[in-house]
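Notes follow once the structure below has been shown.
What you see is a predicted model; the values in this text were computed from it and never measured. In listed order, ligands and their atoms are each counted from 1.
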Amino acid sequence: MTADPAPRPLRTFGRRRGHRLRQTRSTLVETLLPVLRLPPVGLIDLDALFPAPKRAVWLEIGFGGGEHLATQAAAHPDVGFIGCEVYIDGVGSLLRHIDRLGLENVRVHDGDAREVLARLPDASLQRVYLLFPDPWPKARHHKRRFISPSALDMLSRVLTDGGLLIFASDHADYAHWTLENLTGRPDFQCLAGTPDDWRRPADWVESRYEAKARTAGARCFYVQFQRQERTPGL
Ligand SMILES: C[S@@+](CC[C@H](N)C(=O)[O-])C[C@H]1O[C@@H](n2cnc3c(N)ncnc32)[C@H](O)[C@@H]1O
């Protein structure tokens, strides 16, 4: 008798593809994506992932069109970047930025970020960006939000001591949800005080979704959580 397969986690995303991929993106998905894709199975060896050694590895979950990721990667060539996105048009858009900028420090997972979190070594990431995640505003859909106790356990495992979870949203309820989920956890410390402190940091790189939200006059919330030092032996 075989054991029941583990239940699939709930989807935290909407559609995975649009109508038809534009020609340039489609070509890059066929040619460049296979080169930049993470190895398909097993523990991810971060030392072997990039052509040159990196001082740190940063992960972006749900990079959308990849504008933030590409700008950060161009500004920090000594850092390795892993980008995760399920929407293939967004992956194609990131590939176009990588190609145009000649970036050599980005690797891509065209799938659910939780698959990557499960395969990363302990204490291996210095930063994780979760920018404007799908807010799933209806109460019956809250369970689809990326921030959940199980996702935070995964993030806690892969972040280094002192590593940062960097969150932004234009959805006040999701911002409060995030704070509630992290408050009381001994492994994370919120670096902002009251919601009035949830302002955009000075050296911030704007994402595409954020630019749209700000143009539409939405209030955006920015907050960072720091992975606390691990207690030896626990
Ligand atoms: C509202 S968009 C924001 C995109 C981008 N971060 C920005 O600020 O422009 C949220 C993105 O997260 C992606 N996403 C949601 N859940 C995901 C998951 N579990 N793994 C990877 N990507 C995910 C969606 O496909 C979508 O492109």
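Close N/O approach between D112 and ligand 1 is found [any backbone or side-chain N/O within under 3.5 Å]. An N or O contact shorter than 3.5 Å links Y209 to ligand 1 by distance. Residue F63 has no N or O atom closer than 3.5 Å to an N or O atom of ligand 1.
Between R127 and L59, the closest side-chain pair of non-hydrogen atoms is not below 4.5 Å.
Side-chain N/O atoms of R15 and Y87 include a donor and acceptor closer than 3.5 Å. Side-chain contact of H176 with E180: a donor-acceptor pair under 3.5 Å is absent, judged by distance alone.
Residues R37 and D110 are paired through a salt bridge, judged by an N-O separation under 4.0 Å between the basic side chain and the carboxylate. Looking at R145 and D173, a side-chain N of the basic residue comes within less than 4.0 Å of a carboxylate O on the acidic one, giving a salt bridge.
The nearest heavy-atom contact from the protein to atom 20 (N) of ligand 1 is A113 N, 2.9 Å. Distance from atom 8 (O) of ligand 1 to its nearest protein heavy atom, with residue and atom name: S207 OG, 2.6 Å. With hydrogens left out, the protein atom closest to atom 17 (C) of ligand 1 is T12 OG1, 3.4 Å, a heavy atom. Among all protein heavy atoms, the one lying closest to atom 2 (S) of ligand 1 is F132 O, 3.6 Å. Residue, atom and distance of the protein heavy atom nearest to atom 15 (C) of ligand 1 are D134 OD2, 3.2 Å.
Annotation: R20, atom CZ; neighbour count of heavy atoms from other residues, nucleotides and ligands within 6.0 Å does not exceed 12.
Residue contacts with ligand 1: G111 is included, with a non-hydrogen atom under 4.0 Å away.
Less than 4.0 angstrom separates some heavy atom of F146 from each of these atoms of ligand 1: 19 (N). Every atom of ligand 1 with a heavy atom of E85 under 4.0 Å away is listed here by number and element: 11 (C), 12 (O), 13 (C), 21 (C), 22 (N), 24 (C), 25 (O), 26 (C), 27 (O).
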For this session: May I have the step-by-step check of salt bridge (charged side-chain N to carboxylate O under 4.0 Å, His left out) for D153 and R185, ending in yes or no?
Result: CA-CA 10 Å; D153 287 346; R185 285 188 71 115; 2.7 Å; yes

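Looking at every heavy atom in both residues, P133 comes nearest to A168 through CD-O, 3.4 Å.
The residue from G65, G62, P133 that puts a heavy atom closest to atom 5 (C) of ligand 1 is G62.
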